[in-house]
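For reference, the structure is listed below as structure tokens.
A quick note: this is a predicted structure, and the numbers were derived from the prediction, not measured. Values below: every heavy atom of this structure, side chains too, minus hydrogens, waters and symmetry copies.
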Amino acid sequence: MPALEDSIRFVKGVGPKKAALLEKLHIRTLRDALETYPRDYEDRTVLTRIADIDEDGKYAIRAVVGTEPKVNRIRKGLTLVKCTIFDETGSLHVTWFNNPYAAALVRVGQEYLFYGRVQLSGRMPMLVSPQAEKIAAGDEHPGRIVPVYPLTAGLTQRDLARVTEAALDAVPGDWPDPLPEVLRAKYDLPDAADALAAIHRPQTTADVQQARRRMVFEELFLLCCGLQQLKERRRADHGFVFSAAGLADYLAALPFAPTGAQRRAIDEIAADCASGRPMNRLVQGDVGSGKTVVAAALCALAAQNGYQAAFMAPTEILAAQHAETLAPLLEKLGVTCTLLTGSMGAAQKRAALAAIESGQAQVVVGTHALIQQSVSFHRLGAVVADEQHRFGVAQRAALAGKGEAPHVLVMSATPIPRTLALIMYGDLDVSVLDELPPGRQPVETYAVGQNMRRRITAFIDKQIEEGGQVYVVCPLVEEGELELKSAEQHAVDLQKALPHRRVAVLHGRMKNADKERVMQAFTAKEYDILVATTVIEVGVDVPNANLMVVEDADRFGLSQLHQLRGRVGRGKRQSYCIFFGADKGQTARERLKILCKTNDGFEVARADLAQRGPGDFFGRRQHGLPALHVADLAADLALMQHAREEAEQILAADPQLDGYPELRARVHRMFEERDDEAFN
């Protein structure tokens, strides 16, 4: 009998070529196949009579082939196979595109279950490239639920079905279950082996839903157990003790009174730093909620207690902006601030490195350059990572590794519902900045269609005339796909429409030095309009820019659009944001309307989650967390809450999971995918 650790090469019909393609889907062993879940299901159990087909859509039809399938070669590279099928209510034309073998699949007079898309062209409905399964004589219920797996070019659903079938056959009768029996009973969940069988070979849609609930609960429960253990392990570490005596001086040095939310976060940081354990805290706040002021408090505390602080930003522009903000503020407290970036000249860099090593540089602001081997800190006591999702766990760990268990603060401007934050950042304590500083004006937001193009171009001109600057964001760099606006072509078009304005272009394929140069020139008001891709999404601060125009806004997630909107509204001028895409159908219009109604990032995030699922928030690359295969965090928030509570209870009674060996093994396996070495 095959074992789950066996290679898929032993599965009948899988040769070296297919194995290489399956490896692209990360399927090397039967266990990998078992853990590659269907992305969807086709319900072929609901049969439709031909006379009842009244709109475009997918249908399962039980019918007999009435005419001989004919192969027509229309032109080079295009073949059509056509025939007619019938049931007791009528007949239907069937066409297979570019599949000359389809003629051999069906026989005149034989009954089949056809499944595929029906297109209505005029009065003649047509079934397009359907699957056809022969119906055995006397079979009253031929339909079934068919799993649909993720594919890559060269693989078919049949290939995936073949390897998952072999994987299911290899599941032993005594399949271990990581979920304690008491939890399965409490939440009415099937056991692991039954759930796997139902995920891959369901009999009914109810089977799928029940199995999915079980998989979601298990996945979130394992994740919560692992993150909780990480948190406890960190709590056992010894950290530097910072006295908060100098905090009053810092608050007095601020040019404005902090908001209640900022004050609360600063107090939480001070308490963490005085606890004797290393701080691991996330400060999560909307665009413009004042996270930098909170981070600067940690930097000041470190310096006042004789330690250095490192402040890591994702881009050189942002690092320079943070240094410009922090230096004058910290100077009032007698604290020095040094900038270190990759593009600095050799002499500048040498001077900065020497100041960092000697301890003369008390607060060091920089990019990834801070984690290079050449950087040696004198006495690193605190680390700040801005825009947390841009840094992997490994990069945070590398920076923290420059000192002995320094206090770590990570900041994120992606607002997410608190329940979700507590799961995603389960190894961190969470502070939420849910107030905007006084005087920050809301950005007036409009969703428009192409019929407003001339008026918007005139509005761009008017804002520049009044002294403002404009961002125009496009989803693509080069011409092509779906007639979308490319940044380069759009910059050319805008320059023609407004020849008296200075237009610059910025996109991800430019060299870093060129990007920096364009951005600095725009900040220095050398350009009126910056046409860009989403490279400007993160943290760029140009107070004079007061208009954001987003082309093809229906192609972006709501949270991403909200981040883009946050690039304006940073100065004294009234700011505006205009989204093109309101004419792309009702769904697009309704989504964009949400942004027109609210400037609250948490509201936007909730709507985004409800509509699209958690892709934006929970990519493994973003957060360094194990990938969630089946959990749709929007739909599963309640289940997630239960999973978290149960994990906390079990770990409170048994921190090492000694009484749950299978659970412990699965948590370790899940976290082996992590970037850092927390579980090694």
*Can you name the side chain to side chain donor-acceptor pair (under 3.5 Å) partners of Gln308, sequence neighbours left out?*
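For Gln308 there are no side chain to side chain donor-acceptor pair (under 3.5 Å) partners, ignoring immediate neighbours.
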*Report the residues that fulfil side chain to side chain donor-acceptor pair (under 3.5 Å) with Gln463, sequence neighbours left out, ordered by chain and then residue number.*
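Side chain to side chain donor-acceptor pair (under 3.5 Å) check on Gln463 returns Asn546.
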*Side-chain contact, heavy-atom cut-off 4.5 Å: Glu268 with Asp429?*
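Heavy-atom side-chain distance check fails, nothing below 4.5 Å.
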Would you call [X]-[Y] a salt bridge at under 4.0 Å N-O?
X      : Y      : result
Lys462 : Glu466 : yes
Arg591 : Asp554 : no
Glu526 : Arg502 : no
Glu444 : Arg565 : no
Lys584 : Asp552 : yes

*With rounding to the nearest 0.5 Å, note down the distance linking CD in Glu331 to SG in Cys337.*
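The CD atom of Glu331 sits 9.5 Å away from the SG atom of Cys337.
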*Find the distance between CG (Asp528) and CG (Asp461) and round it off to the nearest 0.5 Å.*
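Nearest 0.5 Å value for the CG-CG distance: 9.0 Å.
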*Ring-face cation contact, Tyr527 with Arg501, 6.0 Å cut, 45° max*: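 Checked: cation-pi criterion not met.
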*Axial cation check for Tyr307 ring with Arg379, 6.0 Å and 45° limits*: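 That pair qualifies as a cation-pi contact.
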*Do the rings of Tyr576 and Phe459 sit parallel, tilted or perpendicular, given the 30° and 60° boundaries?*
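Geometry flag for Phe459 against Tyr576: perpendicular rings.
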_Heavy atoms from other residues, nucleotides or ligands near NZ of Lys525 exceed 12 (cutoff 6.0 Å)_ =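 No, the 6.0 Å shell around NZ holds no more than 12 heavy atoms from other groups.
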Residue pair [X] / [Y]: nearest heavy atoms and the distance that separates them:
X      : Y      : result
Phe377 : Leu370 : CE1-O, 4.3 Å
Val365 : Ala323 : CG1-N, 4.1 Å
Ala487 : Ala532 : CB-C, 4.4 Å
Ala296 : Tyr250 : CB-OH, 3.2 Å
Phe242 : Ala302 : CE1-CA, 3.6 Å

Any donor-acceptor N or O pair under 3.5 Å, side chains [X], [Y]:
X      : Y      : value
Arg264 : Ser431 : no
His407 : Asp272 : no
Gln469 : Asn544 : yes
Gln450 : Arg453 : yes

Between [X] (side chain only) and [Y] (backbone N and O only), is there a donor and an acceptor less than 3.5 Å apart?
X      : Y      : result
Lys291 : Met411 : no
Glu488 : Val505 : no
Arg573 : Pro543 : no

*Quick one: side-chain hydrogen bond (donor to acceptor under 3.5 Å, both in side chains) pairs with a partner in residues 349-362, sequence neighbours left out?*
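Every side-chain hydrogen bond (donor to acceptor under 3.5 Å, both in side chains) pair that includes a residue of residues 349-362, provided the two are not neighbours, is Thr336-Gln362.
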*asked:* Val383 vs Leu409, test: side chain to side chain contact (heavy atoms under 4.5 Å, CB included). Steps then yes/no.
replied: CA-CA 6 Å; Val383 169; Leu409 182 71; over 6 Å; no
